[in-house]
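Down below is the structure, laid out as structure tokens.
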Amino acid sequence: LAAHARSASAGGPGASRRGQPALTIGEAARQVGVLPSAIRFWETQGLLQPERDRESRYRRYRSEQMRRLHMIVLLRNGGYGFEAIRSVLAELSAGAPEQALAAIEGRREELIAASQRCMAATAALWGYLQDWPPAGGTS
């Protein structure tokens with residue numbers, strides 16, 4: 001994820017070229033492994049602003065929007081909410097990958113803490129169930 005964040009901020013290997021063919025929403029969706037409806041929803045959330053074909057009004061995705069789309073998919077798969085994704089994308093667009101990486105690192109720390117709490121709760125449950133049924137109780 002960090003490598004993607006640096007790449008997205010720096011223009012990355014697929015930096016936008018006007019001569020490069022734009023993808024349709026279906027092509028873009030297939031490329032990143034999501035449904036077109038997810039991409040449409042993310043657009044309503046303000047995460048993407050694809051070009052529109054002047055005649056057909058179809059969405060067109062060039063490399064800049066595809067980099068954003070890849071980042072959105074990575075962050076959504078990591079459990080990020082829309083506000084966090086907006087923040088990361090804004091930092092990357094502003095050319096501040098360090099800030100975006102700090103947000104990503106913060107989320108990683110939150111996930112580690114949540115995993116530790118889950119493991120502790122599971123261990124406590126196992127300990128509790130070892131004594132089941134309670135002595136003198138009817139079950």
Side-chain angles (χ1 to χ4, degrees):
L1 189 56
H4 285 283
R6 285 188 194 94
S7 176
S9 176
S16 185
R17 295 176 201 100
R18 292 309 276 172
Q20 181 180 13
L23 301 176
T24 65
I25 193 168
E27 293 165 336
R30 276 189 295 283
Q31 195 170 98
V32 298
V34 299
L35 294 173
S37 59
I39 296 176
R40 284 186 204 96
F41 180 69
W42 296 335
E43 184 181 344
T44 66
Q45 296 299 306
L47 302 177
L48 293 166
Q49 300 83 34
E51 294 177 12
R52 292 287 187 148
D53 183 273
R54 290 179 192 222
E55 294 175 18
S56 67
R57 301 296 301 149
Y58 289 165
R59 293 166 176 86
R60 306 299 288 172
Y61 297 85
R62 295 197 184 275
S63 56
E64 179 185 343
Q65 287 297 305
M66 289 304 297
R67 281 193 307 276
R68 287 180 69 91
L69 184 54
H70 279 283
M71 187 60 61
I72 292 164
V73 170
L74 288 169
L75 294 171
R76 289 298 294 159
N77 287 342
Y80 283 76
F82 294 120
E83 280 304 311
I85 294 172
R86 276 187 211 95
S87 175
V88 168
L89 292 174
E91 296 294 345
L92 291 174
S93 292
E98 306 80 27
Q99 306 263 336
L101 292 171
I104 291 166
E105 180 62 22
R107 176 64 177 157
R108 188 182 72 81
E109 294 295 328
E110 289 172 10
L111 291 172
I112 289 170
S115 293
Q116 290 171 337
R117 288 190 305 271
C118 182
M119 287 187 297
T122 301
L125 178 62
W126 274 104
Y128 179 78
L129 292 176
Q130 293 299 315
D131 296 330
W132 195 263
T138 60
S139 58

In chain order, what residues pass the side chain to side chain contact (heavy atoms under 4.5 Å, CB included) check against Arg52, with sequence neighbours excluded? Glu43, Arg57, Arg59
Spatial distance of atom CG (Leu69) from atom CG (Leu89) [nearest 0.5 Å]: 10.0 Å
All heavy atoms of Ala22 vs all of Arg60, minimum pair found to be O-NH2, 3.0 Å
Sequence neighbours excluded, the answer for side chain to side chain donor-acceptor pair (under 3.5 Å) partners of Glu83 is Arg86
Pro36 and Gly26 have their tightest heavy-atom pair at CG-CA, 4.3 Å
Side chain to side chain contact (heavy atoms under 4.5 Å, CB included) with Ser115: which residues, sequence neighbours excluded? none
Non-neighbouring partners of Arg40 that pass salt bridge (charged side-chain N to carboxylate O under 4.0 Å, His left out), sequence neighbours left out: none
Presence of salt bridge, Arg67 and Glu64, under 4.0 angstrom: no
Going by the rule side chain to side chain donor-acceptor pair (under 3.5 Å), which residues pair with Asp53 if we only count those two or more places apart in sequence or in a different chain? Ser56
Residues at least two apart in sequence or cross-chain that pass side chain to side chain contact (heavy atoms under 4.5 Å, CB included) with Ala38, listed by chain then number, are Val34, Trp42
Residue list, side chain to side chain donor-acceptor pair (under 3.5 Å) with Glu98, at least two apart or on another chain: none
Pairs involving residues 24-37, ordered by first then second residue, that meet side-chain hydrogen bond (donor to acceptor under 3.5 Å, both in side chains) (sequence neighbours left out): Thr24-Glu27
List in chain and number order the residues that pass side chain to side chain contact (heavy atoms under 4.5 Å, CB included) with Thr44, two or more places apart in sequence or in another chain; answer none if no residue qualifies. Phe41
